[in-house]
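Small disclaimer: the values here were computed from a predicted structure and weren't measured.
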Amino acid sequence: MGKFIYDGGPKVELEDRALTHLQLVITAKLRRGEPFPFTWKEDSSVGGGRTTVWVHAGSSLAFKYAGSRQPAINRAWVDALAYTANAPTGLYLVPEPANTGTKEGIPSSV
């Protein structure tokens with residue numbers, strides 16, 4: 001399990017594979033200067049509910065991975081996550097769709 005940490009405060013544990021795909025979408029949006037909300041569901045062990053943070057160029061973000069290997073990238077998942085990030089509700093984790101083409105490294109048009 002990896003961790004997404006926002007400004008040294010709110011954090012969420014996610015599978016490394018999901019975290020990698022979220023990182024691709026988040027960094028692509030920030031490179032384009034596009035701030036957005038990111039929402040995740042909290043585990044019942046920390047009280048449940050959900051947390052939303054506003055991600056912008058001045059945010060301090062950390063992506064901490066448990067493993068050392070970069071997973072293969074599912075382009076369809078990156079596209080699905082990017083779709084949510086561009087919606088008014090903002091980025092949230094969606095289930096991984098069927099792999100319609102795996103690409104190593106960062107997709108060119110995220």
Within the side chain of Asp16, is there an N or O that forms a donor-acceptor pair under 3.5 Å with the backbone of Ala66?
-> yes
Taking all atoms of both residues into account, what is the closest heavy-atom pair of Trp77 and Val94, and its distance?
-> NE1-O, 2.9 Å
Indicate the atoms forming the closest heavy-atom contact of Thr51 with Pro10, along with that distance.
-> CG2-CB, 4.2 Å
Let me have the donor-acceptor pairs involving side chains of residues 85-92, under 3.5 Å, with sequence neighbours excluded, atom names and distances please.
unit_1 : atom_1 : unit_2 : atom_2 : d
Asn86  : OD1    : Lys29  : NZ     : 2.7
Asn86  : ND2    : Ala82  : O      : 3.0

For the atom pair OG1 (Thr27) and CZ (Arg32), what is the distance rounded to the nearest 0.5 Å?
-> 9.5 Å
Contacts satisfying salt bridge (charged side-chain N to carboxylate O under 4.0 Å, His left out) that involve residues 85-97 (not counting sequence neighbours) are Arg17-Glu96
Distance from Leu30 atom CG to Gln23 atom CD, nearest 0.5 Å?
-> 10.5 Å
Of all heavy-atom pairs between Pro37 and Thr52, which one has the smallest distance, and what is that distance?
-> CB-CG2, 3.9 Å
Applying the 4.5 Å side-chain criterion to the ILVMFWY set and letting contacts propagate, would Tyr6 and Val25 be lumped into a single cluster?
-> yes
Indicate the atoms forming the closest heavy-atom contact of Ser45 with Asp43, along with that distance.
-> OG-OD2, 2.6 Å
Arg69 side, atom CZ; Thr20 side, atom OG1 - distance, nearest 0.5 Å | 13.5 Å
Could you tell me whether the side chain of Glu42 reaches within less than 4.5 Å of the side chain of Arg50, counting heavy atoms only?
-> no
Correct closest heavy-atom pair for Ala76 and Ala98 would be CB-O, 3.8 Å
Gap between atom CG of Leu24 and atom CD1 of Ile73 - 0.5 Å precision = 4.5 Å
If Ile, Leu, Val, Met, Phe, Trp and Tyr residues are connected whenever their side-chain heavy atoms lie under 4.5 Å apart, and connections chain through other members, are Leu61 and Trp40 in the same group?
-> yes
Just by distance, do the side chain of Asp7 and the backbone of Gly9 share a donor-acceptor pair under 3.5 Å?
-> no
In Å and rounded to the nearest 0.5 Å, what is the NZ to CD distance from Lys64 to Glu13?
-> 11.0 Å
Compare every heavy atom of Val78 with every heavy atom of His21, then report the nearest pair and how far apart it is.
-> CD2-CG2, 3.6 Å
Phe63 meets the ring pair (Phe, Tyr, Trp, His ring centres under 6.0 Å) criterion, sequence neighbours left out, with Phe4
From CZ (Phe38) to CH2 (Trp54), nearest 0.5 Å | 14.0 Å
